[in-house]
Amino acid sequence: MTVSASFSYDVFLSFRGSDTRYGFTGNLYNALSDRGIHTFIDEEELQRGDEIRPALVEAIKQSRMAILVFSKNYASSSFCLDELVKIMECVKAKGRLIFPIFYDVDPCHVRHQSGSYGEALAMHEERFTSSKENLKENMERLQKWKMALNQAADVSGKHYKLGNEYEHEFIGKIVKEISNKINRTPLHVADYPVGLESRVQTVKSLLEFESDTGVHIVGIYGIGGMGKTTLARAVYNSIADQFKGLCFLDDVRENATKHGLIHLQEMLLSEIVGEKDIKIGSVSKGISIIKHRLQRKKILLILDDVDKLEQLRATVGGPNWFGSGSRVIVTTRDKHLLASHGVDRKYEVEDLNEEESLELLCWNAFKDDKVDPCYKDISSQAVAYASGLPLALEVVGSLLFGKGIKEWESALEQYKKIPNKRIQDILKVSYNALEEDQQKIFLDIACCLKGYELAEVEDILCAHYGVCMKYGIGVLVDKSLIKIKNGRVTLHELIEVMGKEIDRQESPKELGKHRRLWFHKDIIQVLAENTGTSEIEIISLDFPLFEEDEEAYVEWDGEAFKKMENLKTLIIRNSHFSKGPTHLPNSLRVLEWWTYPLQDLPTDFHSNKLAICKLPRSCFTSLELSGISKKFMNLTVLNFDGTECLTQIPDISSLQNLVKLTFECCENLVAIHDSVGFLDKLKILSAFGCGKLMSFPPIKLISLEQLDLSSCSSLESFPEILGKMENITQLELKYTPLKEFPFSFRNLARLRDLVLVDCGNVQLPISIVMLPELAQIFALGCKGLLLPKQDKDEEEVSSMSSNVNCLCLSGCNLSDEYFPMVLAWFSNVKELELSCNNFTFLPECIKECHSLILLNLDNCEHLQEIRGIPPNLEYFSAGNCKSLSFCCTAMLLNQELHETGNTMFCLPGTRSPEWFEQQSIGPSLSFWFRNKFPVMDLCFVIGPMGKDSILFRPIMTINGNTMETQLTEKRCCLDFRALDYHILIIGTKYMKFGECLDKPLTKNEWNHVVVSIGIEPTPKDVIVKQTGLHVIKPESSMDDVQFTNPYKQPSFKEKQRLVDIVDCHRQFMQQQTTLVSLKPHVRQGGESFSLLPPQACKNNMNWDSNSTGITSTSSVQGYEIALQNLRLDMGVLQFVQQRKRLAILGLSQQRRMASLDLQQRRGREMVSLLSSPSLELMVSWQRRCITSVQGLQEQHLPSTIKQNFEGCNGIYEAKVSEMVECNSNDGNDNDRTSSPVEQLPMAKEDRVPSKKYQHVSNMAWDPMELEYLVHIQKINLSQTTQTL
């Protein structure tokens, strides 16, 4: 993206040349030009071709705003409509302004495409349909036109009616308003604004600048040189035209330091109010003036580089200081500053990615966006050095412009050791603002502790300084000097380099006098040459993994630590020493030495302050460990992970200050001393991976928070708990074959979460129901959950009910006998996960679980019955429950269960329930509503989805605006391999639109909604077979919901034709039923003819699969495919058409004669149905036709059908009466009584058993049942093939 500081044009004029070029638009252009407003007007009166020219597109992009002159014939020009789409794309992507002028046109006609606009779009649609060339693309183009018209008409503009005012006065008002909007100079953003587009859009979304409600403050924070100011300027240029007052205060930190807060207030008022020489006596007086002068003004205020809270309090004290719709942006390096002022909307500026970094470097180094091939490798090194910091890329690129590759290599090598001064000075601003102790811990982290876990950093710094450093770490995070990612402490590469350079400058020439040593070569040199001094406080030796093994070997005499009298922290990882140390300083507080080379510590090492001792993968035995516990009684952390020689944990009762004890993966550990269970301050205890440990001593650890006994493959019983342990809230046991839990398990009084994974046959303790705070039990993949044995003392406990609200017993081989007791124990459960089990039924007692709202039975392949439904069940999933009975499915799909709109059900099935009044074949449907959004249920029939689970959410497109609809529940996915069709019902409660629902709504008018489903990831084989919608009453009134376009009422002739067609279809489908019943008697070589809808229907109507109106032709292609694959039997068609004409005349006798005539002409000629795929297309087409006609009858036919036929001669009275009868049934064809259809006479021996086809006649009347015709024909086809 290129964020320009200026535009080629101020205004772009969009208009219909034949309407207004030589009148209104021409006069408007002259008036704008006379005012000095640079305006683009297309001088080509006649456009050739159907595509908009690239030059015109570029003119739109380079214009600050567009004036749209909507005249009566604007929509008749496809060129104007394409132009409008491009303009609206610029509005959305770049924040451009539009100013609509409705020139003698009702804005409602533009918004809803009615009147002349509706007629024009209908003509375009007819043109696209008749040509059939690029039909799909053209129909999408038509939809974009409609969306653009709707969105443009929603923007506030001017309405001019001929005869109401003088045109020149109207134009004068427009010119004045346009002049006010563009009367500003854009800010310079950057010479090369790379990577700004996405970041600008993110900040704009936080600002919600399109809304005029409220006052929003957004904070932009990050380290120096990251581009905060550049981003703020780009956002300012993008949205400034929307506001009446503007102010961009640069360098607030510097100006406040030099000139004071009063100067800031005076600058703010002067820029927004437009008055010079404003004088304010004091800060408090300035606050009062700002509030008084600006509280009714919609302003955009940007404060750049704020570093103190008083600066914000003096300029933007609160939202009530400014008028509604105002927006404030604050850039700072201090995140905490924003929180202190109550700024909730924050954006941390992200590093440039590798591609963006390379582009910015190339612009500065080569003055081009492409890298010189000769510099490709060295450019990559420069990008890696800058680590996405725009400042570094600009500085390095500019300094190396015109330099050779050798100079590049030399400069980069130098920068890695000693950073560029300009970069260093800018980054150091944040460091200089820290307190002294905060500067120390920043340098400790930057030099030695980067990448460590946060808890470990806190422990090390606490031990090193003797006080807790959590607050200081938090300050560093707020000032963006360090970051916490995935629980680890990290920082930007250049910030790290800055910190190391600050430490180096303390003693640039003598390594032994550095306070911190971190570079492995420097440490080896000091140890080998024995040049250490008392200045050294921290050594962190960690060889890079890519270094050769020989370089990780340290050759020394073991005496180097004697001179380091103030060494407090010694960390050695990933290295090997030629010998062990002969001496360790007693000043040590942190000792971490992986693969320590000796079996014991030096005998003269007696540090009373040693707090952390970590010796993993060492050679220590139980004896040496016992000695350590007696020498260092102030230890808080003891770690002997991976020590192979350790067979038992000795008596460590002397370590009463111990907080963390771990001996993970000690493969030969077989015993643990009882003293381990009585350490009152112990918070973390881990025996993970001790495969030979068969028992664990009783424990009474009152401070214990974490206990890890996972992967102890020989441990079969959980330790006895001798007293209340109220600090363990979560217990995870994975891959440990525990057979039982003790009754004393109840002493874990504050336990909330219990997780068991692959723990074999687990017998849960009956005392589990006595845990008052236990909320969740997850048992996954256990071979079985055994029912506990009840002793006499435990009978009272078994009658209690647990407080567990989430119970997951997935894949635990549960049987039918397990449920009565479990449901009695956990009757208060809210979420019950029983997937992948072998039970065959859920007992009736599940109805007693009144709190149950979620029930998951996915992949329970043997499940046949569900004998009760909990009364408050909202979420239910039975994916792949292929044995589930029809009665259970019908019970779960009962309308009463879903009538509150708060359910989400998924279960096997191929058809939407009948109570969904609006249904559509395919992945979407549409409706219109007014007033508030209706309460409803949605239904989707989803086909096989392959091997992966999927995430899904409904997608709502309202008036052309796609809403970010989310499901409020976390379980909005299908966690099973859907091997067949499934029915998904989603209620309104589970749909969340966020705060932006009101934006696309048109008040007091009809809003158009298209409903579809989004699936992530999108599998190739997913088929959304059917979509349905049910409006829940009385929460929503059907008077406010329609399923046909309320702005496109059919004409009288269309209504007459629709009633005519539905009668024709009814008779024809009955005739098809007869033909289908004759199918099994087809003879080889007989003349074949296929089932088709009457040709007259195809000629008269075009149908839309997403709408019940006659407004689209999206299904014509499907019909044409069916027409090409099926041959029409003219005899049957003529029969139906003749009978239709006879029905109008009411001549039943002639109808019977027509049947006899057909019998004489055709005899007993049979039907050959050999094209099932084509027939499926035909059935789909039939369903849409009949559903569409029924919907139009319900909503558009007047109460008295006779009124429709006034002036129409020759209509037989009987026909009118028949139609009136149809209307009295509310358009429900199923309720109409019609004369029986004449069947083709057959010999008795040729008759098909009536039972086999008895239901086919009913299917023909129900559009949603027609698909069964396909199934019947496939069966008959296979039978015929076998016979032949």
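Residue numbers run from 1 in the order of the sequence given. Computed from a predicted model, the values in this text were never measured in an experiment.
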Are the side chains of [Y] and [X] in contact, using a 4.5 Å heavy-atom criterion?
{"X": "R127", "Y": "H124", "value": "yes"}
{"X": "M936", "Y": "S1036", "value": "no"}
{"X": "F99", "Y": "K158", "value": "yes"}

Only one of N150, N959, D154, D106 forms a side-chain hydrogen bond (donor to acceptor under 3.5 Å, both in side chains) with R111, so which one is it?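 Going through the options one by one, the only one that passes is D154.
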Should the pair R141-D82 be classified as a salt bridge under the 4.0 Å nitrogen-to-oxygen rule?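 Looking at D82 together with R141, the answer is yes, because their closest N to O distance falls below 4.0 Å.
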Looking only at atom types and distance, does a side-chain atom of K1025 sit under 3.5 Å from a main-chain N or O of T910, one as donor and one as acceptor?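 Checked: pair present.
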Mark yes or no for whether K161, through its side chain, and H159, through its backbone, hold a donor-acceptor pair below 3.5 Å.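 No, the answer is negative, given that no donor and acceptor are paired below the 3.5 Å cut-off.
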Classify the ring geometry between [X] and [Y] as parallel (under 30°), tilted (30 to 60°) or perpendicular (over 60°).
{"X": "F927", "Y": "F933", "answer": "perpendicular"}
{"X": "H898", "Y": "F905", "answer": "perpendicular"}
{"X": "F24", "Y": "Y160", "answer": "parallel"}

Centroid-to-centroid, W915 to H1030, below 6.0 Å?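 Yes - the distance between ring centres of W915 and H1030 falls below the 6.0 Å cut-off.
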Can you tell me if E167 and Y103 form a side-chain donor-acceptor pair at under 3.5 Å?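 Distance-only check passes for E167 and Y103.
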[atom1]/[X]: more than 12 non-hydrogen atoms of other groups inside 6.0 Å:
{"X": "E140", "atom1": "CD", "result": "yes"}
{"X": "E896", "atom1": "CD", "result": "no"}
{"X": "K144", "atom1": "NZ", "result": "no"}

Under the side-chain contact (heavy atoms from CB on, under 4.5 Å) criterion, do S912 and V941 qualify, and how do the steps go? CA-CA 7 Å; S912 299; V941 179; 3.7 Å; yes
Applying the side-chain contact (heavy atoms from CB on, under 4.5 Å) criterion to T25, which one of I101, T20, I67 satisfies it?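 The residue from I101, T20, I67 that satisfies side-chain contact (heavy atoms from CB on, under 4.5 Å) with T25 turns out to be T20.
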Nearest-0.5 Å distance that lies between atom CD1 in I983 and atom CD1 in I985: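 Answer for the CD1-CD1 pair, I983 versus I985, is 6.5 Å.
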